[in-house]
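As the structure lists them, so they are numbered: ligands from 1, and atoms in each ligand from 1.
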Amino acid sequence: MRFTPGRIEVPRGNRLVIDLANTGTETHDLVLADGHSTPRLAPGEKATLDAGVIGGDEQGWCSLPGHRQMGMVLDVVATGSGGPATDPPADHHTPSATPDLAADPGPSFVARDPRLPAASPETLHRYRFDVRDVQREVAPAVTVTEWPYGTVAADGSYSGSAPGPTLRGKVGDTFEITLVNNATMGHSIDFHAGALAPDGPMRTIEPGQSLIYRFTAKHSGVWLYHCSTMPMSLHAANGMFGAVIIDPPDLPPVDQEYVLVQSEMFYGGADGADPAAVADDRADLIVFNGYANQYDHTPLTARVGQRVRIWVLAAGPNRGSAFHVVGGQFDTVFKEGAYLLRPGNAESGGSQVLDLAPAQGGFVELTFPEAGRYPFVTHAMADAEKGAHGIVVVE
Ligand SMILES: [Cu+2]
């Protein structure tokens with residue numbers, strides 16, 4: 001994403017008028033550091049910006065989230081005698097105080113339900129994903145703007161939070177997702193659970209548009225879906241991801257089945273996560289299912305001797321997971337479509353960590369030997385200390 005030209009020389013004291021034509025495929029604008037700006041321009045639209053008399057160097061950029069970090073910067077250089085450059089304003093908004101991730105989130109807090117229902121018997125799964133800009137608490141007293149894949153209930157009420165809905169089916173099932181963009185910028189969706197040419201179904205659609213994405217699941221696994229509009233890191237950081245679980249054939253039932261989607265979160269402003277922090281990989285929170293330490297407050301549960309299966313997806317955008325249950329040992333590990341360990345092999349070995357690169361997924365199974373509180377973490381410890389921590393209470 002570029003302004004062409006990206007640099008304009010203006011004799012000091014001259015008036016600058018810029019004709020801006022959006023010849024790209026997404027909405028853009030031009031904002032100068034002194035506040036002059038064009039409206040947001042859809043593809044094909046044009047605008048004229050009167051920048052006034054140029055007295056010194058100035059910078060402009062596209063204000064659509066992430067576009068400045070993608071390279072949409074315009075340098076206005078005043079020629080003639082020297083003058084001070086104008087610094088662009090900082091755009092990293094942090095909470096007024098360092099959040100206490102161990103604080104009680106309060107009586108109104110409701111944890112994201114981590115239980116995973118069985119796949120429905122149907123072989124065609126239809127969903128409608130509705131993207132909107134929403135404000136959501138992601139840690140005690142920390143609210144951010146997200147762009148999640150949400151859903152509209154029969155009564156018209158909207159619910160959207162990261163991660164998006166977990167879809168589940170069997171090998172051979174077809175999924176048909178209608179993606180509706182009711183947000184404020186272009187978005188898209190990419191389902192790893194199906195193989196197809198990306199050109200059409202993964203295209204970016206502008207606000208007010210929709211598309212239908214249809215795929216057939218040929219292989220089992222826990223698969224990422226995510227927005228693939230540039231910069232992808234920023235769209236993922238703003239909650240645009242979720243899981244599709246395709247059961248391996250003959251997957252046995254278990255007593256408790258859970259799903260945890262690990263992701264990074266970034267503080268920001270009204271437009272969402274701080275694009276500079278996202279581009280620099282400076283995550284503020286690492287979370288399971290969208291809220292720091294939420295299962296410390298509302299633990300997962302099991303009974304002694306029950307078989308527990310936990311699906312884990314590392315949604316990123318940049319970090320993997322080293323999923324571990326403190327005090328537990330896995331006798332079953334399924335990762336990226338294959339069993340690495342099954343109970344019959346337990347005499348020869350066990351597993352302590354499910355290691356997932358960004359976008360990988362799998363599940364582990366274990367039984368708990370005695371009652372207690374068993375923490376689960378990513379064993380990348382600084383990440384666990386940023387919120388990727390929870391508890392299984394075993395009774
Ligand atoms: Cu997006």
| task | Kindly say whether Trp311 contributes a backbone atom to a donor-acceptor pair with the side chain of Tyr258 at under 3.5 angstrom? | result |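 Pair absent, no side-chain N/O of Tyr258 close to backbone of Trp311.
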
(request) Using atom types as modelled and distance alone, determine if a side-chain donor or acceptor of Asn14 lies under 3.5 Å from a backbone N or O of Val10. (result)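 Absent.
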
Check: Can you tell me if Glu45 and Asn22 form a side-chain donor-acceptor pair at under 3.5 Å?
Finding: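 Distance-only check fails for Glu45 and Asn22.
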
Exercise. Looking only at N, O or S atoms, find the one in His235 nearest to the Cu ion (ligand 1) and name it.
Key: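 His235's closest N, O or S atom to the Cu ion (ligand 1) is named ND1.
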
Closest approach to the Cu ion (ligand 1) by His187, given as the N, O or S atom name: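 Of all N, O or S atoms belonging to His187, ND1 is the one nearest the Cu ion (ligand 1).
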
Please determine if Arg203 and Asp190 form a salt bridge, counting it only when a charged side-chain N lies under 4.0 Å from a carboxylate O.
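Here Arg203 does not pair with Asp190 in a salt bridge, since their nearest N and O are not under 4.0 Å apart.
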
### Message
When you measure from the Cu ion (ligand 1) to the N, O or S atoms of Met240, does any of those distances fall below 2.8 Å?
### Response
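Looking at Met240, which is the residue asked about, there is an N, O or S atom under 2.8 Å from the Cu ion (ligand 1).
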
